[in-house]
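Structure, as structure tokens:
Numbered from 1 within each chain, the chains take letters A, B, ... in sequence-line order.
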Protein chains: 2
Amino acid sequence: MAKGNPPPLTPAAFQVLLALARGRAHGYRIMGFVSEITDGSVQLGPGTLYRTLARLAADGLVEEAPDMSEDEPHDARRRYYQLTGLGRQVAAREARLLERLTAAAADAGLLSRQEKSA
Amino acid sequence: MAKGNPPPLTPAAFQVLLALARGRAHGYRIMGFVSEITDGSVQLGPGTLYRTLARLAADGLVEEAPDMSEDEPHDARRRYYQLTGLGRQVAAREARLLERLTAAAADAGLLSRQEKSA
DNA sequence: TCAGATATATCCATCCCGGATACAACGAGA
DNA sequence: TCTCGTTGTATCCGGGATGGATATATCTGA
């Protein structure tokens, strides 16, 4: 099932969606999330981040959220973003693809045996 | 651990490595493998495939294998490829990254609840 | 021998990435 | 309140990857 290929998703775009799946956040924090999630092996530069955010917003996958930070002091520069319903669906679909690729990798013996790290 | 970011790997490059992790194969078959593994949601075009193979070979991640097809009739057009030791290491490292991203997605509730497919 | 499928390879326009740069707004301290 | 270093957003540019179209050669079957 699911043979169709609706709208493709670049790696950077998925990582941004994944960071926002935890909850609303502003750009600079998203960079930190991605670096944290990937244990530092993926680090988005500002160019990639803000361009990706703009594209995701234009495609209706994320939307700007009206500040509303309760614990943080409020900073007029920050722009908060959150997933839309569509954004969550697309992120979920991509996550299932990664899950499948990971399973295939395990199947091929790439994960079970300890491959020496380069 | 593993904070360094040695050589990055494009999605197409990883999918080719993953297909070859199952065993040696020729280009056209790799396309089929990738489509099969991803349930048709990822389909490499010939341009991407052969350019990616050439780059992976130049980087020492894959190498050409001397035909040696036992069950198949032999076809002079085909060029077989297989993973090198380095290629397997790099593929394994990327697989672990995908595993981590998948876990993060599950953590954010993208996999547990059934998100309606778009 | 001829037609169609298989298989590899290259070309080209488009898109994406990462780093550099610029600029605005915040907080701390004198 | 003035200044300074930091935080945060945004744009620009060069290098590289993508994918679709095209070209060409080889295999198979009629």
Side-chain angles (χ1 to χ4, degrees), chain A residues 5-17 19-20 24-35 38 40-59 61-67 69 71-81 94 97, chain B residues 4-17 19-20 24-35 38 40-59 61-67 69 71-81 90 94 97:
Chain A
N5 44 343
L9 207 54
T10 68
F14 173 69
Q15 285 145 12
V16 168
L17 292 183
L20 288 179
R24 83 186 59 198
H26 58 96
Y28 221 72
R29 181 173 300 259
I30 293 175
M31 285 196 280
F33 274 160
V34 170
S35 178
T38 64
S41 59
V42 175
Q43 294 190 348
L44 299 182
T48 301
L49 173 68
Y50 292 107
R51 196 182 328 102
T52 298
L53 272 176
R55 181 159 30 90
L56 290 175
D59 292 346
L61 302 186
V62 307
E63 60 190 356
E64 200 165 349
D67 198 326
S69 52
D71 46 342
E72 303 218 84
H74 175 76
D75 189 329
R77 297 170 299 171
R78 293 178 176 167
R79 301 182 63 182
Y80 285 82
Y81 292 91
E94 186 76 6
L97 174 58
Chain B
N5 45 341
L9 207 54
T10 69
F14 173 69
Q15 285 145 12
V16 169
L17 293 183
L20 288 179
R24 82 185 61 197
H26 60 95
Y28 221 72
R29 181 172 301 260
I30 293 175
M31 284 197 279
F33 274 160
V34 170
S35 179
T38 64
S41 59
V42 174
Q43 294 189 347
L44 298 182
T48 301
L49 173 69
Y50 292 106
R51 196 181 327 102
T52 298
L53 272 176
R55 181 159 29 92
L56 289 175
D59 292 346
L61 302 186
V62 307
E63 60 190 356
E64 199 164 350
D67 197 325
S69 51
D71 46 342
E72 302 217 86
H74 175 76
D75 188 329
R77 297 171 299 172
R78 292 179 177 168
R79 301 182 63 182
Y80 286 82
Y81 293 90
V90 172
E94 187 76 5
L97 174 58

**Request:** For each nucleotide in nucleotides 16-25 of chain D, reading 5' to 3', give B when a protein heavy atom comes within less than 4.0 Å of its base, S when such contact involves only the sugar-phosphate, and - otherwise.
**Result:** -SBBBB---B
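- Between the C1' atom of C:dT10 and the CG atom of B:L53 lies a distance of 15 Å, rounded to the nearest Å.
- Following rounding to the nearest Å, A:L9 (CG) and C:dC15 (P) show an atom-to-atom distance of 17 Å.
- Atom CZ in B:R78 sits about 10 Å away from atom P in D:dC27, given to the nearest Å.
- The distance from the OH atom of A:Y50 to the CE atom of A:M31 is 5.0 Å, given to the nearest 0.5 Å.
- If you take CG on B:L56 and CD on B:E63, they are separated by 12.5 Å, rounding to the nearest 0.5 Å.
- For the pair A:Y50 OH and D:dT9 P, the computed distance is 4 Å after rounding to whole Å.
- Taking CZ of B:R55 as the reference point, atom OG1 of B:T10 lies at 5.0 Å (rounded to 0.5 Å).
- Residue A:H26 holds its NE2 atom at 4.5 Å from OH of A:Y80, rounded to the nearest 0.5 Å.
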**Asked** Passes side-chain contact (heavy atoms from CB on, under 4.5 Å), B:Q43 versus B:V34? Steps please.
**Response** CA-CA 7 Å; B:Q43 294 189 347; B:V34 170; over 6 Å; no
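- Nucleotide D:dG8 holds its C1' atom 12 Å from the CD1 atom of A:I30, rounded to whole Å.
- Looking at residues two or more places apart in sequence or on another chain, you find a salt bridge (charged side-chain N to carboxylate O under 4.0 Å, His left out) between A:E64 and A:R79.
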